[in-house]
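The residues of the chain are indexed from 1 along the displayed sequence. All heavy atoms count here, side chains included; hydrogens, waters and symmetry mates do not. All ligand and atom numbering here is 1-based and tracks the order in the structure.
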Amino acid sequence: MLHIDPAACVDCGACVSACPVGAIAHDSKLTPEQLPFVEINAAFYPPRPPGTKLPPATKLAPVIEAPRVAHRQGGPLTVAIVGSGPAAMYAADELLTQDGVRVNVFERLPTPYGLVRAGVAPDHQDTKRVTALFDRVSRTPGFTFFLNVDVGSDVTHAELLDHHHAVLYAVGAPNDRRLDIDGMGLPGTGTATEVVAWYNGHPEFTDLPVDLGHERVVLIGNGNVALDVARILTTDPDVLARTDIADHALAALRGSRVREVVIAARRGPAESAFTLPELIGLTSRAEVVLDAADRDLVLRDLETASDPFVRKKLEILSKLGDASAPVRRPRIRFAYRLTPLRVVGDERASGIEFTVTGTGEIRRIDAGLVLSSIGYRGKPIPGLPFDEVAAVVPNREGRVIDPDTGRPVPGAYVAGWIKRGPTGFIGTNKSCAAETVRNLVADYNAGLLTDPVQGRRALERLIRARRPDVIDAAGWHAIDAAEIDRGGGDRPRVKFTRIPDMLAAAARASAPPLHRRVLAGLVR
Ligand code: NAP
């Protein structure tokens, strides 16, 4: 969350117009749901006597700029970025602030922007607006997309290094952390992150079996992902029908019998993993309840909590409705101090048993769908070291480090979740990527990066030979335009959820007019 010092702010409004996701608003223009943020913002700053003069520098954290690229013979600084989510696009943006730098972005899917497209919930369209910024970056001179290319199988790390000074991996944390208890794996169990990918139309999750034919869903873990999934499963489908939720998910939600989603945490209310803004967003849209025992835990934590954010969360939790009230519409229930023990059921899940944390007491909750929501996990990158415990590539401020020697691996860099683990929000990746780029440019200037042995044409030939259906920026813009068109003005877009449909839409961008008409007919 961002805070603005009301005493130091000069009210110029520049941040309001610059914020790519519209997160900053004047306090006189807030909606009723946003009003709690006035108090939260004020509480962040210490009380000051009226008329206190602040030094002008208090508003801004020091900005450390990347060193200027010291151009040299042998061609411009050329960087391959692997992945196209926020960390990748912020790194590209940072590199391209300098003249003459070239950036090639490689992405496994035919569509870019990683979790902004496939992770951010469809009812958070404001957050997805950051893609307009990324589209602008992709149009910067020196930027090239190589979409639908899998680094590691279509082209190796060594081959990329032959064609670039450096390879920067911003591949995120694509796996789930798995909950290792009996019964996980039965039909009716799964992970929240898979469900997120499913409702966001990720092509590899289109056919995920999500059975909404039972009255209760249990989510294990109470981070922001659990809140997103719970909200989507309980929101009126007519509201979701105005978003870019995948059509298959919308159809399943229209037929859903789910009446209650329980979000079960192993610790107490004060340790809730969700963030304050997300809790405010949830409680202003959904019906959220607590049972009497959990309300007691909240009130007990309120007596001792000193952190203002934790206190605010607890105050909101303490005012939630009562779980004993009749269920009028699908609702969400927070539950605390429940350590998962085993999923029960023979052919499929019928519920889950927990121990009450720290005791031997067993508690069972009946449910037709049990989803673990205990975080993402990075996966190893072929050719680079990997820290199995932290599930990140070992690095020092973005420079990949060989754990055996403690020295940097020449030409290899990381940014985003594969660098620091799956934490933070989209904007966190901006400073994270900037730090990596700063070190990459310093290494280039110090002569530590080997000039590419092959030129740009050779790279294009190599990629086309390996991946004839590679998609460039024009191809992506054609997919984007076709999806927006399918939205018909009522929805932001209707996503393609099958790769052949994406490829056909992209092909229309490069095909001659007659061919384009034939393709259009084929797709329809
Ligand atoms: P998360 O915030 O790390 O939460 C993980 C949850 O799983 C915690 O409640 C944790 O409890 C629990 N957990 C871990 N291991 C467990 C186990 N063995 N048994 C039971 N519970 C266990 O993860 P996330 O929700 O996947 O979110 C990932 C990141 O994405 C976060 O930084 C999140 O803020 C961000 N995100 C942000 C937004 C947004 O801003 N709108 C939306 C989605 C995601 P303990 O605390 O007890 O370990």
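Annotation: Phe205 is not in aromatic contact with Tyr199 [ring centroid separation under 6.0 Å not met].
Using a 4.0 Å cut-off between a side-chain N of Lys or Arg and a carboxylate O of Asp or Glu, Lys419 and Glu435 qualify as a salt bridge. Ion pairing between a basic and an acidic side chain is recognised when a charged N comes within 4.0 Å of a carboxylate O; Asp480 and Arg493 show such pairing. Taking the charged nitrogens against the carboxylate oxygens, Glu215 and Arg259 have no contact shorter than 4.0 Å, which rules out a salt bridge.
Ring-plane geometry between Tyr45 and His3 is classed as perpendicular, the angle between the planes exceeding 60 degrees on a 0 to 90 degree scale with a lower cut at 30.
For Asp207, the side-chain hydrogen bond (donor to acceptor under 3.5 Å, both in side chains) criterion is met by Arg498, not counting sequence neighbours.
Ligand 1 lies under 4.0 Å from heavy atoms of Arg177, Leu179, Ile220, Gly221, Asn222, Gly223, Asn224, Val225, Asp228, Arg266, Arg267, Ala273, Glu278, Pro340, Ser373, Ile374, Gly375, Trp417, Pro422, Thr423, Gly424.
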